[in-house]
K.L.:
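Could you have a look at this structure, given as structure tokens, before my questions?
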Amino acid sequence: MNLAALSVAEARRALDAKEFSALELTNAYLDTIKVKDTELHAYLEVWAEQARAEARAADERIARGEASMFTGVPIAVKDNILIEGRIASSASKMLENYRASYDATVIKKLKEEGAVFLGRTNMDEFALGGSTENSAFGPTKNPLDTTRVPGGTSGGSAAAVAADLALLALGSDTGGSIRQPASFCGIVGLKTTYGSVSRFGLMAAASSLDQIGPMGKSVADVHMLFKAIRGRDEHDGTSVSESLYPARPLKKVIGVPRSLLAKGVDPEVLASFEQALETLREEGYEVRDIELPSLQHALAVYYIVNPAEVSTNLARYDGIRYGLSVPADDIGGVYSKTRGAGFGPEVRRRILVGTFVLSSGYADAYYRKARAVRSLIRAEMADVFQEVDAIATPTSPILPWKLGEKADPVSLYAADIFTVPVNLAGVPALSVPVSTVAREGKNLSVGFQLIGAHGAEENLCTIGAVVEKVHS
Ligand code: GLN
């Protein structure tokens, strides 16, 4: 069984043709995890026994001729997505022993399909960060160069797919957490249109920005997983049905916000980006310069809106209702001791910033201004999408850095320049690996980002398939 070359379509065909069983496929992944994951640390927990039981059930279903696309397909799940009865910790000490009391809607849908869940993957605590170094349980390493970060916050999911520790994975993306680790690990990641996938059972970071999405080795795999998890859900009032957005005929026009690329982009990343644009031109696409003037403020806006919502969402971890509880003489003491012991430094930083920008006297100066500029970003993007099918940028301006290299949080935030505008606007975006760059004897991956209008995932996948080079 060649896991590196296996696609979802091929797995489906081989499972249905009984060339291998779901149990054999699951065991192949579990064996690879055993060999490789001690070093990589993509998983926080591997559910070997449950996965085998799910695989056996899938084999019975296949034998009955009742298989659907994901029956028997092994998937990794980010540690902030709930599966009933299993620990979901968001890589935080706060929830180290917290067991979910229900299934996230995406999990329910995949259970109905008969998928196999291999384990929960490492992440930056509460999905705050960009390197998976903020996990309370130690970092994940990049399979392409284990001295470097896999990106974040869905770094465990990205590393798992890249190293053949899962065929596919679920991640979540609040400001780039699916796309940037996909880019760093050489895989494909899709941040879906806000509301297209239910957030029910996803631990909230910043509710107006968060989306669950698929990560896989190819655009085709990711597209299939998206189709399996999307849809309106009565448990998530912000979710929408796919029929909300009319189909957009492909114009074969790509927009490039040139002024944004003028500084701070690694020359080799830029060269790979230009090369991908050339591929699109060769395929008959027109590549056009566009202006998105408000995008220069996107980072500032994001790093106000995100902490504001995070500080509100994380107020529920008070030592009383969920997870960790540190005893103290009075209730105030329980709150402060629990939150001091349970949250890591980045989480505390966001809570401090968020509480500040929401406090009376400052909310007008920061939070409300940020919201106003956010509306502008949305409107500018909507205008551009009258003319182009997609906006193209590098996924990340820089290559994956060395573990421990970026100690200063602001330099980490700056690397989100191309990903955060997407969440602020609520639109979908796809990251596709387009080339590799040699550094210190290793081949690092460079990702190409395609941003689409609301509901334009189909078109993004069509265009993404033109530029993708599946790393084998
Ligand atoms: N790096 C961004 C942040 O730290 C995005 C994180 C995410 O998408 N969850 O907020």
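Below, each value reflects all heavy atoms present in this structure, side chains not excepted, and no hydrogens, waters or symmetry copies. Computed from a prediction, not measured in an experiment: that's the story for all the values here.
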K.L.:
Would a distance-only check, ignoring hydrogens and angles, find a side-chain to backbone donor-acceptor pair under 3.5 Å from S183 to R179?
P.N.:
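Flag not set: sc S183 to bb R179 has no pair under 3.5 Å.
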K.L.:
Would you tell me whether Q449 and T393 have side-chain atoms, one donor and one acceptor, within less than 3.5 Å of each other?
P.N.:
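Distance-only check passes for Q449 and T393.
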K.L.:
Would you check if the side chain of D164 reaches a backbone N or O of L167 as a donor-acceptor pair within less than 3.5 Å?
P.N.:
no
K.L.:
Ion pair present between R56 and E60, side-chain N to carboxylate O less than 4.0 angstrom?
P.N.:
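No, no charged N to carboxylate O under 4.0 Å.
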K.L.:
Does the side chain of N313 come within less than 4.5 Å of S207's, by heavy atoms?
P.N.:
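Of all side-chain heavy-atom pairs linking N313 with S207, at least one is under 4.5 Å.
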K.L.:
Mind checking whether P181 and M215 have side chains closer than 4.5 Å, heavy atoms only?
P.N.:
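Heavy-atom side-chain distance check passes, below 4.5 Å.
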K.L.:
Without placing hydrogens or testing angles, list every side-chain donor-acceptor pair under 3.5 Å for residues 114-129, not counting sequence neighbours.
P.N.:
from: R120; atom 1: NE; to: E45; atom 2: OE1; distance (Å): 2.8
from: R120; atom 1: NE; to: I87; atom 2: O; distance (Å): 3.3
from: R120; atom 1: NH1; to: D79; atom 2: OD1; distance (Å): 3.1
from: R120; atom 1: NH1; to: D79; atom 2: OD2; distance (Å): 3.3
from: R120; atom 1: NH2; to: E45; atom 2: OE1; distance (Å): 3.2
from: T121; atom 1: OG1; to: V77; atom 2: O; distance (Å): 3.3
from: T121; atom 1: OG1; to: K78; atom 2: N; distance (Å): 3.4
from: T121; atom 1: OG1; to: S157; atom 2: OG; distance (Å): 2.8
from: N122; atom 1: OD1; to: S135; atom 2: OG; distance (Å): 2.7
from: N122; atom 1: ND2; to: G138; atom 2: O; distance (Å): 2.8
from: N122; atom 1: ND2; to: T140; atom 2: OG1; distance (Å): 3.1
from: D124; atom 1: OD1; to: T132; atom 2: N; distance (Å): 3.0
from: D124; atom 1: OD1; to: E133; atom 2: N; distance (Å): 3.2
from: D124; atom 1: OD1; to: N134; atom 2: N; distance (Å): 2.8
from: D124; atom 1: OD2; to: G130; atom 2: N; distance (Å): 3.3
from: D124; atom 1: OD2; to: S131; atom 2: N; distance (Å): 3.2
from: D124; atom 1: OD2; to: T132; atom 2: N; distance (Å): 2.9
from: E125; atom 1: OE1; to: G344; atom 2: N; distance (Å): 3.0
from: E125; atom 1: OE2; to: S92; atom 2: OG; distance (Å): 2.7
from: E125; atom 1: OE2; to: G344; atom 2: N; distance (Å): 3.3

K.L.:
Any side-chain heavy atom of K252 within less than 4.5 Å of one from E286?
P.N.:
no
K.L.:
What class does the angle between the rings of Y366 and F356 fall in, given that below 30° is parallel, 30 to 60° is tilted and above 60° is perpendicular?
P.N.:
tilted
K.L.:
Around atom CZ of R52, are there more than 12 heavy atoms of other residues, nucleotides or ligands at under 6.0 Å?
P.N.:
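Atom CZ in R52 is crowded, with more than 12 foreign heavy atoms closer than 6.0 Å.
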K.L.:
Using a strict threshold of under 4.0 Å (side-chain N to carboxylate O), is an ion pair present between E113 and K109?
P.N.:
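The answer is no: the pair does not qualify as a salt bridge.
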K.L.:
Give the intermediate values and the outcome of side-chain contact (heavy atoms from CB on, under 4.5 Å) for residues T71 and L15.
P.N.:
CA-CA 9 Å; T71 309; L15 286 167; over 6 Å; no
K.L.:
Answer yes if the side chains of D233 and S239 hold a donor-acceptor pair under 3.5 Å, and no otherwise.
P.N.:
no
K.L.:
Hey, does I463 have a side-chain heavy atom less than 4.5 Å from the side chain of L280?
P.N.:
yes
K.L.:
Between the side chains of R230 and E242, is the shortest nitrogen-to-carboxylate-oxygen separation below 4.0 Å, so that they form an ion pair?
P.N.:
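So E242 pairs with R230 through a salt bridge.
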K.L.:
Where the side chain of Q180 meets the backbone of T419, is there a donor-acceptor pair that is under 3.5 Å apart?
P.N.:
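Looks like no, no N/O pair under 3.5 Å.
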K.L.:
Hey, is the main chain of G213 close enough, under 3.5 Å, to the side chain of D173 for a donor-acceptor pair?
P.N.:
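A pair under 3.5 Å: no.
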K.L.:
At what distance, to the nearest 0.5 angstrom, does CD1 of I451 lie from CZ of F385?
P.N.:
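Rounded to the nearest 0.5 Å, the CD1-CZ separation comes to 6.5 Å.
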K.L.:
For the side chain of N142 and the backbone of F184, is there at least one donor-acceptor N/O pair under 3.5 Å apart?
P.N.:
yes
K.L.:
In Å, rounded to the nearest 0.5 Å, how long is the span from CG of N423 to CG of N306?
P.N.:
9.5 Å
K.L.:
Tell me whether D289 is salt-bridged to R258, with the criterion being a basic N under 4.0 Å from an acidic carboxylate O.
P.N.:
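Yes, this pair counts.
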K.L.:
Let me confirm one number: the CE-OG distance from M381 to S294, rounded to the nearest 0.5 Å.
P.N.:
10.0 Å
K.L.:
Any idea which heavy atoms bring A22 and A58 closest together, and the distance?
P.N.:
CB-CB, 4.0 Å
K.L.:
Run the salt-bridge test on E19 and R13 with the 4.0 Å N-O cut-off and return the result as yes or no.
P.N.:
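Result for this pair is yes, salt bridge flagged.
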K.L.:
What are the two closest heavy atoms between A390 and L450, and how far apart are they?
P.N.:
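Answer, listing the atom of A390 first, then L450: CB-CD2, 4.0 Å.
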K.L.:
Using a 3.5 Å distance criterion without hydrogens, assess whether the side chain of K111 forms a donor-acceptor pair with backbone atoms of D103.
P.N.:
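Not confirmed, K111 side chain does not pair with D103 backbone.
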K.L.:
Can you give me the closest heavy-atom contact between V434 and G447, atom names plus distance?
P.N.:
CG2-C, 4.4 Å
K.L.:
Can you list every pair that meets salt bridge (charged side-chain N to carboxylate O under 4.0 Å, His left out) and has a residue in residues 377-390, with sequence neighbours left out?
P.N.:
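Salt bridge (charged side-chain N to carboxylate O under 4.0 Å, His left out) check on residues 377-390 returns R288-E387.
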K.L.:
Just so I know, are the side chains of S101 and E84 near enough to count as touching, which here means a heavy-atom distance under 4.5 Å?
P.N.:
no
K.L.:
Are side-chain heavy atoms of D416 and Y303 found at a separation under 4.5 Å?
P.N.:
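Of all side-chain heavy-atom pairs linking Y303 with D416, at least one is under 4.5 Å.
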K.L.:
Side chains of T355 and I351, heavy atoms from C-beta outward: is any pair under 4.5 Å?
P.N.:
yes
K.L.:
Give a yes or no on whether the backbone of L23 and the side-chain of T26 come within a donor-acceptor separation of less than 3.5 Å.
P.N.:
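It does not hold such a pair.
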K.L.:
Without swapping roles, check the side chain of T192 against the backbone of F226 for a donor-acceptor pair under 3.5 Å.
P.N.:
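Flag not set: sc T192 to bb F226 has no pair under 3.5 Å.
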K.L.:
Using every non-hydrogen atom in the two residues, find where L6 and A11 come nearest and quote the distance to one decimal.
P.N.:
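For L6 versus A11, the nearest heavy atoms are CD1-N, 3.9 Å.
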K.L.:
Does T193 use its side chain to pair, donor to acceptor, with the backbone of G455 at less than 3.5 Å?
P.N.:
yes
K.L.:
Looking just at side-chain N and O atoms, do S218 and E468 make a donor-acceptor pair shorter than 3.5 Å?
P.N.:
no
K.L.:
Please evaluate residues R248 and N459 with respect to the criterion side-chain hydrogen bond (donor to acceptor under 3.5 Å, both in side chains), reporting the C-alpha separation (whole Å), side-chain torsions for both, the decisive distance (0.1 Å), and the verdict.
P.N.:
CA-CA 8 Å; R248 292 180 161 251; N459 284 353; over 6 Å; no
K.L.:
As an exercise, state the distance from CG of N27 to CD of E24, rounded to the nearest 0.5 Å.
P.N.:
8.0 Å
K.L.:
Could you tell me whether D364 and K369 have a side-chain N and a carboxylate O separated by less than 4.0 Å?
P.N.:
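No.
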K.L.:
Would you say S208 and V305 make side-chain contact, with heavy atoms under 4.5 Å?
P.N.:
yes
K.L.:
Taking the side chain from D210 and the backbone from T174, do they hold a donor-acceptor pair closer than 3.5 Å?
P.N.:
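No, because the side chain of D210 does not come within donor-acceptor range (under 3.5 Å) of the backbone of T174.
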